[in-house]
2 protein chains.
Amino acid sequence: MVFQAKVELEKAANVLKLLGDKTRLTIVAILQKRECCVCEFLEVFDTSQPSISQHLRKLKDAGLVKEERRGQWIYYSLNQQCEFYGLVETIMSHVPEQIDKIKIIEQSNPTVRCGC
Amino acid sequence: MVFQAKVELEKAANVLKLLGDKTRLTIVAILQKRECCVCEFLEVFDTSQPSISQHLRKLKDAGLVKEERRGQWIYYSLNQQCEFYGLVETIMSHVPEQIDKIKIIEQSNPTVRCGC
DNA sequence: CTACTATATAAGTAAATAGTTATATGTTAA
DNA sequence: TTAACATATAACTATTTACTTATATAGTAG
């Protein structure tokens with residue numbers, strides 16, 4: 001097998017616990033394909049805005065995700081500089097792409113008004 | 001990238017949640033190197049016997065681990081036939097080997113009396 | 001059969017988690 | 001400056017989780 005950079009076991013467990021939630025795992029799967037803001041996630045999850053914000057907060061606190069404000073919106077994306085990015089990537093290679101959800105986001109296009 | 005068999009997202013989340021516990025992740029790391037019975041795990045975890053049995057139960061219920069009784073002892077090992085085995089393997093490739101704990105188990109050798 | 005060992009299960013508890021509603025903050029646009 | 005929108009945060013609640021102790025089950029050895 002190819003050499004594999006290791007991550008401390010306890011840290012790895014924390015990352016796995018974070019990804020061990022259906023909503024967060026889906027968020028990460030979507031972020032692999034495109035950055036998103038909260039209102040876009042709202043289109044594809046059957047939950048409230050605070051709930052999504054709280055999930056994103058956890059992912060951000062762990063360093064897995066970063067945010068960037070653009071006007072009214074805050075865009076979330078995967079943090080490729082994160083020490084766990086390699087682990088996350090290999091995990092996600094076992095998870096189906098969230099094509100349907102991404103299509104819904106792109107069609108609903110809630111941020112169309114900002115023109116970006 | 002090499003073709004990667006996918007696992008339903010919700011099932012993957014369940015597996016990740018299971019591995020997202022420090023004790024269970026360590027158990028799986030140890031089981032990658034050798035089968036173990038509960039009393040062996042007891043040597044390396046700072047917790048009670050029921051606690052370990054309960055973790056093993058969860059791993060077994062998910063199909064990740066199988067058990068085999070040999071006399072008084074029940075030996076646990078990774079279930080390579082499990083549909084999630086590939087996922088587990090790749091995850092574990094990012095986790096350090098539990099050499100120290102395995103050494104402790106082999107030196108204490110609580111099942112020495114059975115001669116196996 | 002009895003004592004002993006290994007393990008499982010049951011029942012209870014404290015802490016963590018994911019959701020809720022209400023409200024605060026920050027940005028834009030009229 | 002006010003209204004509207006996007007998001008975060010606070011406070012609360014219900015559920016889940018991981019542990020504990022006590023007890024049951026199963027095998028072995030005398």
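Below, chain A is the first sequence line, B the second, and so on; all start at residue 1. Heavy-atom basis, side chains included; hydrogens, waters and symmetry copies ignored.
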Trainee: Under the salt bridge (charged side-chain N to carboxylate O under 4.0 Å, His left out) definition, can you give me all pairs with a residue in residues 55-64 of chain B, not counting sequence neighbours?
Mentor: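 Matches after skipping sequence neighbours: B/Arg57-B/Asp61, B/Lys60-B/Glu67.
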Trainee: For nucleotides 9-11 of chain C, list the nitrogen or oxygen atoms of the protein found under 3.5 Å from its nitrogen or oxygen atoms, one pair per line.
Mentor:
from, atom 1, to, atom 2, distance (Å)
C/dT9, OP2, B/Arg57, NE, 2.9
C/dA10, N6, B/Gln54, NE2, 3.4

Trainee: Would you say A/Thr47 reaches C/dG19's phosphate, i.e. side-chain N/O to OP1/OP2 under 4.0 Å?
Mentor: no
Trainee: Taking A/Arg70 first and then A/Glu35, would you say they form a salt bridge - that is, a charged N and a carboxylate O separated by under 4.0 Å?
Mentor: yes
Trainee: Quick one: does any side-chain atom of A/Glu106 pair with a main-chain N or O of A/Ile104 as donor and acceptor, under 3.5 Å?
Mentor: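 Such a contact is absent between A/Glu106 side chain and A/Ile104 backbone.
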Trainee: Could you give the NE2-to-P distance, from A/His55 to D/dT9, as a whole number of Å?
Mentor: 15 Å
Trainee: For the hydrophobic clusters of this structure (ILVMFWY residues joined by side-chain heavy atoms under 4.5 Å, transitively), does one cluster hold both A/Tyr85 and B/Val95?
Mentor: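 Yes, because A/Tyr85 and B/Val95 connect within a single hydrophobic cluster, where side-chain heavy atoms sit under 4.5 Å apart.
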Trainee: To the nearest angstrom, how far is B/Glu67 atom CD from C/dT7 atom P?
Mentor: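 It works out to 11 Å between those atoms.
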Trainee: Please report, rounded to the nearest Å, how far the P atom of D/dA18 is from the CG atom of B/Leu56.
Mentor: 13 Å
Trainee: Does any donor atom in the side chain of A/Tyr75 or A/Glu68 lie under 3.5 Å from an acceptor atom in the other side chain?
Mentor: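 No, no side-chain donor-acceptor contact under 3.5 Å.
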Trainee: Quick one: A/Tyr75 OH to D/dA8 P, roughly how many Å, whole number?
Mentor: 13 Å
Trainee: Could a donor-acceptor pair under 3.5 angstrom be found where the side chain of A/Gln72 meets the base of C/dT28?
Mentor: no
Trainee: Between A/Glu43 (CD) and D/dA6 (P), how many Å, whole number?
Mentor: 10 Å
Trainee: With the side chain counted from C-beta on, respond yes when A/Tyr76 and A/Val38 share a heavy-atom pair under 4.5 Å apart, and no when they do not.
Mentor: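 Yes, at least one pair of side-chain atoms sits under 4.5 Å.
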Trainee: Among residues 12-25 of chain A, which ones have heavy-atom contacts with DNA chain D below 4.0 Å?
Mentor: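 Per residue number, the list is empty: none.
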Trainee: Looking at every heavy atom in both B/Leu25 and A/Ala12, which two are closest together, and how far apart are they?
Mentor: CD2-CB, 4.1 Å
Trainee: Would you kindly give the CD1-to-C1' distance between A/Ile52 and C/dG19, to the nearest whole Å?
Mentor: 12 Å
Trainee: If we only count heavy atoms from C-beta on, is the A/Ile27 to A/Phe45 side-chain gap below 4.5 Å?
Mentor: yes
Trainee: Check this one for me: any side-chain N or O of A/Lys58 less than 4.0 Å away from OP1 or OP2 of C/dT17?
Mentor: no
Trainee: Got a donor-acceptor contact below 3.5 angstrom from the B/Lys17 side chain to the A/Leu19 backbone?
Mentor: no
Trainee: Between B/Asp46 (CG) and D/dA18 (P), how many Å, whole number?
Mentor: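 In whole Å, D/dA18 P and B/Asp46 CG are 17 Å from each other.
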Trainee: Could you give the CH2-to-C1' distance, from A/Trp73 to C/dT27, as a whole number of Å?
Mentor: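 After rounding, the reported distance stands at 9 Å.
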